[in-house]
Each structure stands twice: as C-alpha cells, then as structure tokens.
K.L.:
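Got a structure for you, questions after.
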Amino acid sequence: MDEKRMRAWAQVDLTALRANVRTLRAKAPTAAFMAVVKADAYGHGMIPCAKAAVEAGATWLGAATPEEALTLRAAGLKARTLCWLWTPGGPWQECVEADIDVTVSAMWALREATTAAQAAGRPARVQLKLDAGLGRNGAQPAQWPELVARARAAERDGLIRVTGVWAHFSCADEPGHPSIARELTVFTEALAQAEAAGLTPEVRHLANSPGTLTLPEAHFDLVRPGVAMYGISPVPEIGGPADFGLRPVMTVAGRLASVKRVPGGHGVSYGHKYVTPGETTLALVPLGYADGVPRHASGTGPVLVAGKWRTVAGRVAMDQFVVDLGADAAEPGDEAVLFGPGDQGEPTAEDWARACGTIAYEIVTRVGARVPRVYVGESPGPDPDPDPDPGDAAPCPTA
Ligand SMILES: *Cc1c(COP(=O)(O)O)cnc(C)c1O
C-alpha cells in the first residue's frame, strides 16, 4: 500500500540494518555474528530483518522461542539458528528435524532433547547454558559439572552434539560494573570444566549488544547483538547510535486525522488531564496504546508535527492521541513522526524511552501488529555471489 494513503506505518530501513550489522561485525572481527531476531526482530519484522542480517554477514540467527526458530526455517532461512526459551513439552523434535540448535539449561531439558533426537533418528544440536550470575535461565555453577557430564554421555551415545556453551550478562550496559568481570570469570571456569569433561563446543559465547560494543574480552567465538543491530544504543549513557556508527532502523509515523480550532479552557482526551490554555489548534494523531504508544507517554511523549516537536496533550487512548499546535497550521493528512533516526528533526526511540521511563528496546518492540511495516532497502533477492556485499548490490534488471 501507498504510504500516502496509510493511517500510520513503521518504516523499516533494511539498508541501515545491513550497515549496522557490518559495523558490529567490524567491532568483533574474530567472532561469528548471531543476529538476534526474537520478538519479531524487536518489532521490526523477523523475516525481512533476518534476511537482511544474513546478507550483511550474519551466519547465525538467534531466537528466544522454538516457535520463532521454526518460523525462520519455514520462511526458508537456512543459517544456523539457536533458540533458548524452552518449557517442558516444547517442540524439541520439530527443532531437531529442522536443524535448529537448541539450548539446554537443566536436566529435564537434556532429557527432552535426547528423547526428541531418538524420535527424530538424528542427533540434537545442543548448546549448554550457564547462569554466570544473571539469575534468570541457565544452570547454576553448582549444577554445571553434572549437566556437562550428562551431556557428554549423551554425546557419546550419539544422541546429541554439544555445539555451544554460553551465558548472558546481567549488567553489560553498565560499563565497569563489578558483575562483568565476575561473570566473565565464572563463564571461563565453566568453559574449562566443559572442556575437561571432553566437550568440544564450536561456539562459546557471552556478548549481547553492549558486550559486543564495549567488551572485546567477552567476544569469544560468537557475538549476539540484538538492539544495536536495529540502530539503538544499548548504553545510552555512554553514547547515542551515531557514536557507535549505528543508525536507527525504524521510523513510526501517522497522518493527522483531525485538525481543528478549539476555544481556551477545552479539556482534551479522557480525564481532561490537559486543558487548552487559550484558543488553539488541536491535531489528532491516529496511534494509541493498541499501536504500542505507551499510555505513560500521556503528557510527555514527543512528536514532530508541522516542523516542531509537540508533546502528547492529555492521555494516550487506545487508538489515538492529541497534540496542541498552538498558533501553527496543519492539515488533515499531514505527517506526525513519533520517532525515527532523528536526522529530519524527529524524536528518536530513545527520546520516547526517556519520556516514558523505559528503555528504547521496549518502545520499538511494542509497536503493535496494527501498524503496517513498510520495508525500504530490501535486497533484490538471492545473490549468486554473496561476496563482498550482496546487501547493497544494485537491483537486477527484471526481464
Ligand atoms: C535478547 C538477547 C540478546 C540480545 O540482547 P541485546 O541487548 O538486544 O543485544 C542476546 N542474547 C540473549 C540470550 C538474549 O535473550
């Protein structure tokens, strides 16, 4: 559909995404690159983003759930794919049959993986996850020796192949945080135990976006950036995207659905939390919390309308919110830009995060399914010669 006729849209710049992948790869030149595309690629659209990341040199894809990993396979993506958020009874066998690397953090999961391998008639590719200190998923260091020994036994029985050992940082976005060195040490010790037990993982990995950008000692064999690939700084206190050579990929905008003069003293939106200070022009932006605009943005969220930043006036409703244009003019159909790269004067996702007391991860990931994604910079399709830079190849002339 033509953007000119759309209520609202999220433009996703795949050229920027490919450039971000290359920038991140250059920061970790000796490590393989896993593009983390969970949660619909942080709201950007999983399949187009995964394809673009592969075009730019990602050799692994990272998903949280097995369903996400299976969706990547169903779309024809053949890159090595790891998923990590399992619950008992999950689709282990489907993943083994689809050549997906599965993560095991506990003995029950190892049992389900080996059972699935037997049913599938082929070994499961298993990556063992350690809780190096995050306190979320992963085996505790105390359980690690047993998990490693059982995994090695299953490997000897031909049921699994342990392809990786990994962990996840707790505070990599706070440079100098004492947990970083501690978790590196715990991880290194666990690696030594795994190797002593006879495991020979292809990839040992620990680094998310902040680790990729700021902790070269944490790169090991593979890095797993997510948010930075989408052009959002994982450490906004240290620098914005441009400081790391990154460019935001998503722009969210809509078209004004109403522009009208109202008298002073007019309440605006539910609860009348905003009252016009005098006669003014109100514009209606057709995006609300059902589209991912946080209700916490009521009275604080920034929007570019008619050349200036405006602030959400009153409450964000399910489908819409209002801005006060004062004496400025606008027309129904004019663009309201909530956030984008920032270089056309619009706010960024980081600005929205600050206005709403959250992180930019949440701002982009929550953009609702009702907002169509409009892709720009899509590659013309499979390139027969993936080197050096298929993503930017000129479109092939169509016959
Ligand atoms: C989400 C996630 C990542 C990516 O994190 P970013 O901070 O977005 O780079 C990496 N690894 C795991 C296990 C994750 O869950």
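Both ligands and their constituent atoms are indexed starting at 1 by order of listing.
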K.L.:
Hey, does P225 sit under 4.0 Å from ligand 1 if you only count heavy atoms?
P.N.:
yes

K.L.:
Compare every heavy atom of E183 with every heavy atom of S170, then report the nearest pair and how far apart it is.
P.N.:
OG-OE2, 2.5 Å

K.L.:
Which is it for R224 and ligand 1 at heavy atoms under 4.0 Å: side chain, backbone, both or neither?
P.N.:
both

K.L.:
Please check whether P210 reaches ligand 1 - meaning an N/O of the residue sits under 3.5 Å from an N/O of the ligand, judged on distance alone.
P.N.:
no

K.L.:
Please report the shortest heavy-atom distance between V227 and S209, naming the atom on each side.
P.N.:
N-OG, 3.4 Å

K.L.:
Checking salt bridge (Lys or Arg N to Asp or Glu O under 4.0 Å) against D99, which of K78, R73, R80, R122 comes through?
P.N.:
R122

K.L.:
Salt bridge check: are E55 and R22 linked by an N-O gap of less than 4.0 Å?
P.N.:
no

K.L.:
What is the closest protein heavy atom to atom 4 (C) of ligand 1, and at what distance does it sit?
P.N.:
Y42 OH, 3.3 Å

K.L.:
With side chains defined as the heavy atoms from C-beta onward, is the minimum distance between D343 and E346 less than 4.5 Å?
P.N.:
yes

K.L.:
Tell me which protein heavy atom sits closest to atom 9 (O) of ligand 1, plus the residue, atom name and distance to 0.1 Å.
P.N.:
S209 OG, 2.5 Å

K.L.:
Please state which protein non-hydrogen atom is closest to atom 7 (O) of ligand 1 and give its distance, to 0.1 Å?
P.N.:
Y361 OH, 2.6 Å

K.L.:
Nearest protein heavy-atom contact for atom 14 (C) of ligand 1: which residue, which atom, what distance?
P.N.:
K38 NZ, 3.0 Å

K.L.:
Return the closest protein heavy atom for atom 13 (C) of ligand 1 as residue, atom name and distance.
P.N.:
W166 CZ3, 3.4 Å

K.L.:
Work out which heavy atom in P294 is nearest to a heavy atom in C356; give both atom names and the distance.
P.N.:
CG-SG, 3.9 Å

